[in-house]
Amino acid sequence: MNKNKIENAKKLLRSGELVIFPTETVYGLGGNANDKKAVKKIYNIKKRPINNPIICHFANIRDIKRDFDLNKLEEFLAKKLWPGPITLILKKKNKSKISSLVSNNSSYVGCRIPKNKIALKLLKGLHFPLAAPSANFSERTSVTKFEDLDKKLIEKVFTIKGKQSELGLESTVIKVKKNNIELLRFGSITPNDILKVAKKSNIKYIENSKISPGNLKKHYSTKKKIRINVKNIKNDEGLINFGKNKLKSKIINLNLSSSGNLKEASKNLFHFLHKLDQGKCKKIAIAPIPNTGLGLTINDRIKRASKK
Ligand code: TXA
Ligand code: MG
């Protein structure tokens, strides 16, 4: 059944249409990255500001090398971490056909090779990269489960259904500068995971990077108000808890990981936000999450989601 769906999706993509597909991080809303019109459709349908660049997805490193020159460290990281949830900002070759619209006219483009099987099958044999932001309206919560996709999006866009995303947080976005690594967005691969691979490098978080405005503002927002790091729960709040404690909502209680496992919590986070946004509570309260490892990414996301 999925095989037919993937073939149909390829046909649509080749004719300039968009497709929603699962990845190991979050669902993507993809179109032909070489086709300016298709890329424009992505910005329009998501209501995304044109200055927020879009990641291009590839099937393998050979395809990436057609469009990009990689320096030593980039090539090393690529071989160690792809396929997987890391996005490298790479310099496009002059002859590259990738539309300048994906990167706000900059020659630096975000690239990644996903490891989800459906995503890889979709990319294979397409002969162009897929420009694909997360499949949600701009500023809204990313989606890890088919049922959480916004009905207004799946009404308009052909969608391939997958299992719940294995990781649940978006890719980590990095840019290599000589032997140093700039971290532009926390993600599913932690700074320590990167340093384990690139032992001789330094990694520096660039807060509010201008080239990555997706990270600047309020983001990942639910419709309902969110309070984070709560010590008590108000009567109208649903609770997203973590680990074992005495917090309790009178309306609804979800636990990201009762054993305090950050990987499990990462997988559950966006689905729980969608669930409470649809549920009976008026507001959402989130328990404190340890600020280490994947907790850095979880805290980054819920902090932005809680911004008014
Ligand atoms: O896991 C993911 O990365 C998912 C799946 C679908 O691959 N995609 C995703 O895309 O999260 P999006 O558009 O929601 O977020 C892309 C992030 C934004 O923060 C954007 O600013 C940054 O990557 N980005 C993309 N291209 C860039 C570029 N050329 N330079 C700097 N930042 C870039
Ligand atoms: Mg997004």
Side-chain angles (χ1 to χ4, degrees), residues 18-31 33 39 42-43 45-58 67-68 81-92 96 98-116 118-120 122-123 129-144 149-150 153 159-160 162 165-177 182-189 205-221 266-267 270 273 297 300-301 304-305:
L18 307 184
V19 164
I20 293 174
F21 62 98
T23 83
E24 72 277 23
T25 59
V26 299
Y27 273 82
L29 167 66
V39 177
I42 300 176
Y43 283 98
I45 205 163
K46 265 193 72 125
K47 303 193 176 84
R48 182 183 181 99
I50 207 83
N51 68 348
N52 188 7
I54 298 178
I55 296 169
C56 291
H57 298 68
F58 295 79
D67 286 302
F68 300 90
L81 299 174
W82 279 336
I86 189 115
T87 294
L88 291 177
I89 309 292
L90 299 173
K91 189 159 173 21
K92 212 165 52 166
S96 166
I98 294 177
S99 166
S100 56
L101 212 54
V102 303
S103 55
N104 194 23
N105 288 320
S106 159
S107 54
Y108 286 91
V109 176
C111 301
R112 105 172 176 97
I113 303 174
K115 80 173 168 207
N116 173 284
I118 296 178
L120 280 173
L122 184 63
L123 286 161
L130 275 187
S134 50
N136 51 273
F137 287 107
S138 193
E139 294 189 0
R140 290 284 174 216
T141 315
S142 304
V143 174
T144 53
L149 285 163
D150 197 306
L153 273 183
T159 302
I160 308 173
S165 300
E166 212 181 305
L167 303 175
L169 298 168
E170 298 88 345
S171 64
T172 305
V173 180
I174 61 172
K175 188 170 182 181
V176 168
K177 283 216 166 148
E182 292 185 346
L183 176 68
L184 301 180
R185 176 175 74 175
F186 284 103
S188 270
I189 288 188
Y205 179 48
I206 311 289
E207 209 170 355
N208 297 336
S209 159
K210 284 206 177 64
I211 63 161
S212 230
N215 258 351
L216 274 181
K217 303 169 264 175
K218 178 174 110 106
H219 223 88
Y220 312 100
S221 313
S266 303
K267 182 169 175 169
F270 288 142
L273 287 173
T297 309
D300 172 84
R301 302 301 191 264
R304 290 174 208 284

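Just follow the structure's listing: the first ligand is 1, and inside any ligand the first atom is 1.
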query = Counting each atom of ligand 1 from 1 as listed, which ones have a heavy atom of E170 under 4.0 Å away?
reply = 1 (O), 2 (C), 11 (O)

ask   = In terms of side-chain geometry, is the basic nitrogen of K267 or E166 positioned less than 4.0 Å from the acidic oxygen of its partner?
value = no

Pairwise side-chain contact, S138 with R140, heavy-atom cut-off 4.5 Å (strictly under) = no

task = For I174 and I89, run side chain to side chain contact (heavy atoms under 4.5 Å, CB included): C-alpha distance rounded to whole Å, both residues' side-chain angles, the deciding distance at 0.1 Å, then the answer.
result = CA-CA 6 Å; I174 61 172; I89 309 292; over 6 Å; no

ask   = N/O to N/O below 3.5 Å, does that happen between K46 and ligand 1?
value = no

task = Go through I55 and S171 one step at a time and tell me if the side chain to side chain contact (heavy atoms under 4.5 Å, CB included) criterion holds.
result = CA-CA 10 Å; I55 296 169; S171 64; 4.0 Å; yes

inquiry  = I need the atoms of ligand 1 closer than 4.0 Å to a non-hydrogen atom of T25, numbered in the order shown.
reply    = 1 (O), 2 (C), 4 (C), 5 (C)

inquiry  = Need the ligand 1 atom indices (1-based, order shown) with element for anything under 4.0 Å from a heavy-atom of P133.
reply    = 10 (O), 12 (P), 13 (O)

key: ligand 1 contact on K92 by region, counting heavy-atom pairs under 4.0 Å   = neither

query = Is the side chain of R112 donor-acceptor paired with the backbone N or O of V173 at a distance under 3.5 Å, no angle test?
reply = no

ask   = Under the 3.5 angstrom rule, does the side chain of S221 hit a backbone N or O of E139 as a donor-acceptor pair?
value = yes

message = One pair to check against side chain to side chain contact (heavy atoms under 4.5 Å, CB included): N51 and N104. What are the steps and the verdict?
response = CA-CA 5 Å; N51 68 348; N104 194 23; 3.5 Å; yes

query = Quick one: does I160's side chain get under 4.5 Å of I20's, heavy atoms only?
reply = no

ask   = Distance under 6.0 Å and angle within 45° of the ring axis: does K91 meet both against Y108?
value = yes

Ligand-residue contact atoms, ligand 1 with H57, heavy atoms, under 4.0 Å = 5 (C), 6 (C), 7 (O)

Mode of V102 contact toward ligand 1 - side chain, backbone, both, neither (heavy atoms, under 4.0 Å) = neither

query = When only distance counts, is R112 in polar contact with ligand 1, meaning an N/O pair under 3.5 Å?
reply = yes

Any N/O pair Y108/ligand 1 closer than 3.5 Å = yes

request  = Using the six-membered ring wherever Trp is involved, compare the ring planes of Y220 and F270 and label them parallel, tilted or perpendicular (cut-offs 30° and 60°).
outcome  = parallel

ask   = Which of the numbered atoms in ligand 1 are below 4.0 angstrom from a heavy atom of G28?
value = 6 (C)

ask   = Which ligand 1 atoms does V26 reach within 4.0 Å, using its non-hydrogen atoms?
value = 4 (C), 6 (C)

task = Identify whether the distance between the nearest side-chain nitrogen and carboxylate oxygen of E170 and R304 falls below 4.0 Å.
result = no

inquiry  = Measuring only between side-chain heavy atoms, which start at C-beta, is L184 closer than 4.5 Å to E207?
reply    = no

Interfacing atoms of ligand 1 (cut-off 4.0 Å, heavy-atom, V173) = 23 (O)

Backbone or side-chain N or O of R185 under 3.5 Å from ligand 1 N or O = yes

message = Below the 3.5 angstrom mark, is there an N/O of T23, backbone or side chain, next to an N/O of ligand 1?
response = no

request  = Determine, step by step, whether T159 and L149 satisfy the side chain to side chain contact (heavy atoms under 4.5 Å, CB included) criterion, reporting the C-alpha distance in whole Å, the side-chain angles of both residues, the deciding distance to 0.1 Å, and the verdict.
outcome  = CA-CA 10 Å; T159 302; L149 285 163; 3.8 Å; yes

ask   = What's within reach of the Mg ion (ligand 2), meaning protein N/O/S atoms under 2.8 Å?
value = S134 OG

ask   = With atoms numbered from 1 as shown, which atoms in ligand 1 lie under 4.0 angstrom from a non-hydrogen atom of G110?
value = 26 (N), 29 (N)

